[in-house]
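Lettering of chains follows the sequences in order, A, B, ..., and the numbering in each one begins at 1.
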There are 2 protein chains.
Amino acid sequence: MMTALSDTDGPLYERVKGFILRNIGAGAWAHGRRLPSENELVSSLGVSRMTVNRALRELAAAGILVRIQGVGTFIAPPKPRSALIEIRDISEEITARGNRHRAEVLALERVTATPDLAAAFEFPRTRPVFHSVVLHFEDDLPVQLEERHVNPDFAPHYGDQDFTAMTTFEYLQAQTPVTEVEHIITAIAADSRTAAMLQLPRGEPCPLLYRRTWSGTAVVTVNRFIYAGSRIPLGSRYRPVDAPRSG
Amino acid sequence: MMTALSDTDGPLYERVKGFILRNIGAGAWAHGRRLPSENELVSSLGVSRMTVNRALRELAAAGILVRIQGVGTFIAPPKPRSALIEIRDISEEITARGNRHRAEVLALERVTATPDLAAAFEFPRTRPVFHSVVLHFEDDLPVQLEERHVNPDFAPHYGDQDFTAMTTFEYLQAQTPVTEVEHIITAIAADSRTAAMLQLPRGEPCPLLYRRTWSGTAVVTVNRFIYAGSRIPLGSRYRPVDAPRSG
DNA sequence: CAGTGGTCTAGACCACGAA
DNA sequence: TCGTGGTCTAGACCACTGG
């Protein structure tokens, strides 16, 4: 039935992947089409279910297949590649412009997470977390207000660092590997306190970048970056892009 | 033997991954250090070897560990990577949320580029370009005001399209491959005209995304996207990341 | 040679979705 | 209820590395 598992070389699960990919590429299986179930592949290919499962799981992770428990496995629709914006660490960005970066630590403490914050961390119940507020300057002009909450399981000594010497970004980068990131950008009007810190008129519109990072299934950091109005635009110039198409 | 496998929720292999990641973040295991072997983890954690293997294999695929057959498993050195924000086409984003997308074309014309615009296009002298203004709705609520200027060399029939049937994004995507993109995000206060179109109070802070695209060395489009305040946050949730380290 | 990771199996239990 | 994928186990054989 169909073609055999082809060739002789390579691990079995790779040959199963090749079998699937060949059937898609040859047009035998169209987009959206349902694949044979794991058990059917076990029978037709003569391999164990764990092997079939690994092959299908890896193809799903690569975005080629979509698997739905209780329903089946399907060929994923062709992915529209989206544009990417690169966010660099603020201190790198400033020094890359040839200017001087300076940080002022306004807060560095242990706090008990509010219910909202505990929810952002996906904690089942409230817990203490680190809280830091750092104001970043470019040549003595404030450009970014950085507020972080950090899961102490992944950086137990966060509260003891000197973040004027090393940025929080650099410290966390060295501490713990991040496997996932969430970004949300909105805009806010600077309230009087924020406006004072950033030396802006009250009510000035400011981009706000909200970021959460994961290590495995655990949330490591919950952050808010407020940029000083249009003084420092957020984003990347001239980022070479993989293969998006336009817009 | 360190801490136990923590918590109760989630698949076993995810808890094993969490165990490893926590030990790295807490500083118990330094970069370059050799991890306990699979068999040692089997004994100390009380899970089967296949489960340990899957956890380690996935962390290796994520660039966090390095595995060498016959030698052992090691903590990979930290690689500095910048965080990426994924920007999807507004219509895709709306339909992905299960809502209805509708577009209203407010302008579609040929204009002579102002000096500023000609500079953005990197034209040596001023030239005619296409200009379009499209308002995007999510279930009858305006969410994005899109203004584009398009280089007619790359889309000579841009002015003849019906952008209520196909988005400008989709049309341009089919027209010409983009090799480079520039993104700049700022925030503005909605002026009275913008506020009226987006049905927002005047002065409401709105994220503004400025985007230029290139095909080879030529600028193809110069665009401004104004998002309706915080009604539609800009950004991406859960973007899986290759192997960045933190932030 | 012993220890490592790489793979594979047969069988099992579970959560989920559709009928 | 039944079939789907999601996970887990115990045990096995292999290829590779180091001493």
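- Every residue meeting the side chain to side chain contact (heavy atoms under 4.5 Å, CB included) condition with A:Val71, not counting sequence neighbours, appears here in chain and number order: A:Ile68, A:Phe74.
- In this structure, the side chain to side chain contact (heavy atoms under 4.5 Å, CB included) partners of A:Glu38, at least two apart in sequence or on a different chain, are A:Arg49, A:Val52, A:Asn53, A:Leu56, A:Arg67.
- Every residue was checked against the side-chain hydrogen bond (donor to acceptor under 3.5 Å, both in side chains) condition with A:Ser37, not counting sequence neighbours, and none meets it.
- Residues passing the side-chain hydrogen bond (donor to acceptor under 3.5 Å, both in side chains) test with A:Gln69, sequence neighbours excluded: none.
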Short heteroatom pairs, N/O only, protein and nucleotides 2-5 of chain C, under 3.5 Å:
{"residue": "C:dG3", "atom": "N2", "partner": "B:Gly70", "partner atom": "O", "Å": "3.3"}
{"residue": "C:dT4", "atom": "OP1", "partner": "B:Ser37", "partner atom": "OG", "Å": "3.4"}
{"residue": "C:dT4", "atom": "O2", "partner": "B:Gly70", "partner atom": "N", "Å": "3.2"}
{"residue": "C:dG5", "atom": "OP1", "partner": "B:Thr73", "partner atom": "OG1", "Å": "3.1"}
{"residue": "C:dG5", "atom": "OP2", "partner": "B:Glu38", "partner atom": "N", "Å": "2.9"}
{"residue": "C:dG5", "atom": "N7", "partner": "B:Arg49", "partner atom": "NH2", "Å": "3.3"}

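- OP1 or OP2 of D:dT9 sits under 4.0 Å from a side-chain N or O of B:Thr51.
- Counting to the nearest Å, the P atom of D:dT7 and the CZ atom of A:Arg54 are 14 Å from each other.
- Aromatic rings of A:Phe130 and A:Phe154 (six-membered ring for Trp) have centroids beyond the 6.0 Å cut-off, not under it.
- Atom P of nucleotide D:dG5 and atom CD of A:Glu58 are separated by 17 Å, given to the nearest angstrom.
- Here the C1' atom of nucleotide D:dT17 and the CZ atom of B:Phe74 are 11 Å apart, to the nearest Å.
- Taking atom CZ of B:Arg57 as the reference point, atom P of C:dT7 lies 7 Å away to the nearest angstrom.
- Evaluation of the side chain to side chain contact (heavy atoms under 4.5 Å, CB included) rule for A:Thr217 yields B:Glu14 as partners, not counting sequence neighbours.
- The A:Leu12 side chain lies nearest to C:dC8 when the options are C:dC8, D:dT9, D:dT7.
- One finds a side-chain N or O of B:Tyr13 lying less than 4.0 angstrom from the OP1 or OP2 phosphate oxygen of D:dT7.
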